[in-house]
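Following: one structure in structure tokens, then a few remarks.
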Amino acid sequence: MKRRFFSSALVTASAWLSVPAAWAQAALFKSGKDFQTLERPVATETNGGKVELIEFFWYSCPHCYAFESSFAQWVKNAPKDVVVRRIPVSFRDDFAPQQRLFFTIEAMNLMDSLHPKVFTAIHVEKQLLNTDASVLSWAEKQGVDKVKFNETYKSFGVATKLKRAVQLQNDFKVEGVPSLGVAGRYYIDGTLAGSMDRALKVAESLIAQARQGR
């Protein structure tokens, strides 16, 4: 799902010639063409020299659904120094129920079992899951503790995460989903990279650059 077009600012081809190997690999991809370099770095939630990668997504986005299996496999094989976070976006007010659903699943440690099922419910079973009532009804049918789910869904903690998600979305200037944020400094999506498979390659090279410069 796209919102706006990009502006371009190319990095000179000679810039990589004098940098270390990992930086040279990253320089094969150009800022403004394959990815965007943020004007203001975003604070990450990592420590100990780890590199943060964020996936921005929307459950109802067909492109996010198509990307999910390959991204999930990439996450399983990600280097140990890479911390992966998923952030549901909110381009409109009616995105909020799915944001709450994600953060409730996350808080209840049900990601492995329910995160893929949300995509299936929407894209295979054709459930909208775009209201609080439809989300709560769906969750109950999954055998989740109804009282605990409702309490978590409406909790201050989840509300706080919604606000933080919107802030991150704005800080990274997210143009569409699925998209990736790397090390609080770089933004990548399928339009910039050419495809989401290539976006992961760009992300890998930027992770290498961030690792080299930490």
Side-chain angles (χ1 to χ4, degrees), residues 1-2 45-46 52-80 82-92 94-155 157-159 161-162 164-166 168-169 172 174 176-182 188-190 193 195-204 207:
M1 175 180 177
K2 300 301 296 177
E45 295 187 5
T46 59
E52 181 180 81
L53 181 139
I54 296 175
E55 182 211 17
F56 294 98
F57 77 98
W58 176 38
Y59 276 127
S60 289
C61 168
H63 304 294
C64 297
Y65 173 57
F67 181 55
E68 174 59 24
S69 62
S70 59
F71 183 65
Q73 186 60 46
W74 187 91
V75 171
K76 288 181 180 179
N77 298 322
K80 292 182 179 180
V82 175
V83 176
V84 178
R85 298 172 59 203
R86 288 179 166 93
I87 297 295
V89 299
S90 181
F91 294 153
R92 303 190 308 260
D94 61 353
F95 283 35
Q98 290 185 11
Q99 285 183 298
R100 287 185 177 277
L101 172 57
F102 172 81
F103 287 122
T104 300
I105 288 172
E106 184 181 59
M108 295 178 68
N109 296 315
L110 296 172
M111 282 292 295
D112 289 345
S113 60
L114 292 190
H115 181 67
K117 288 185 178 181
V118 180
F119 279 113
T120 299
I122 293 170
H123 297 280
V124 178
E125 299 168 0
K126 306 304 179 183
Q127 301 183 53
L128 294 178
L129 300 187
N130 60 353
T131 65
D132 292 339
S134 62
V135 167
L136 296 172
S137 175
W138 177 83
E140 186 177 0
K141 292 175 183 177
Q142 308 312 306
V144 178
D145 184 310
K146 180 179 179 180
V147 173
K148 184 177 181 181
F149 187 93
N150 287 359
E151 288 177 349
T152 307
Y153 186 84
K154 298 173 182 178
S155 69
V158 165
K161 288 187 176 183
L162 259 69
R164 176 57 177 156
V166 172
L168 280 171
Q169 170 188 323
F172 274 92
V174 173
V177 287
S179 53
L180 305 171
V182 179
I188 317 160
D189 68 12
S195 71
M196 286 310 297
D197 285 342
R198 189 168 182 270
L200 285 174
K201 297 297 183 185
V202 177
E204 288 171 355
I207 287 169

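These numbers were taken from a predicted model, which means no experiment stands behind them. One is the number of the first residue; the rest follow in order along the sequence.
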Output side-chain donor-acceptor pairs under 3.5 Å for residues 109-119, partner residues at least two apart or in another chain, one line each.
unit_1, atom_1, unit_2, atom_2, d
S113, OG, L110, O, 3.2
H115, ND1, Y59, OH, 2.7

Check residues 69-76 and write down every donor-acceptor pair under 3.5 Å in which the side-chain atom is one partner and the other belongs to a residue at least two apart or another chain.
unit_1, atom_1, unit_2, atom_2, d
S70, OG, F67, O, 3.0
W74, NE1, E204, OE2, 2.8

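Residues passing the side chain to side chain donor-acceptor pair (under 3.5 Å) test with S155: none are found, sequence neighbours excluded. Partners of S134 by side chain to side chain donor-acceptor pair (under 3.5 Å), not counting sequence neighbours, listed by chain and number: T131. Partners of D145 under the salt bridge (charged side-chain N to carboxylate O under 4.0 Å, His left out) rule, at least two apart in sequence or in another chain, do not exist in this structure. For the side chain to side chain donor-acceptor pair (under 3.5 Å) test, residues two or more places apart in sequence or in another chain that qualify with D132 are Y153. The side chain to side chain donor-acceptor pair (under 3.5 Å) search around E52 returns R85, not counting sequence neighbours. With sequence neighbours left out, the side chain to side chain contact (heavy atoms under 4.5 Å, CB included) criterion links Q127 to A121, E125, L129, W138. Qualifying salt bridge (charged side-chain N to carboxylate O under 4.0 Å, His left out) partners for R100, counting only residues two or more places apart in sequence or in other chains: none. Partners of R198 by salt bridge (charged side-chain N to carboxylate O under 4.0 Å, His left out), not counting sequence neighbours, listed by chain and number: D34. Every residue two or more places apart in sequence or in another chain that forms a side chain to side chain contact (heavy atoms under 4.5 Å, CB included) with P79 is listed here: D81, V82, R211. A search for salt bridge (charged side-chain N to carboxylate O under 4.0 Å, His left out) contacts involving K146 returns E140, not counting sequence neighbours.
Looking at every heavy atom in both residues, A199 comes nearest to L180 through O-CD1, 3.9 Å.
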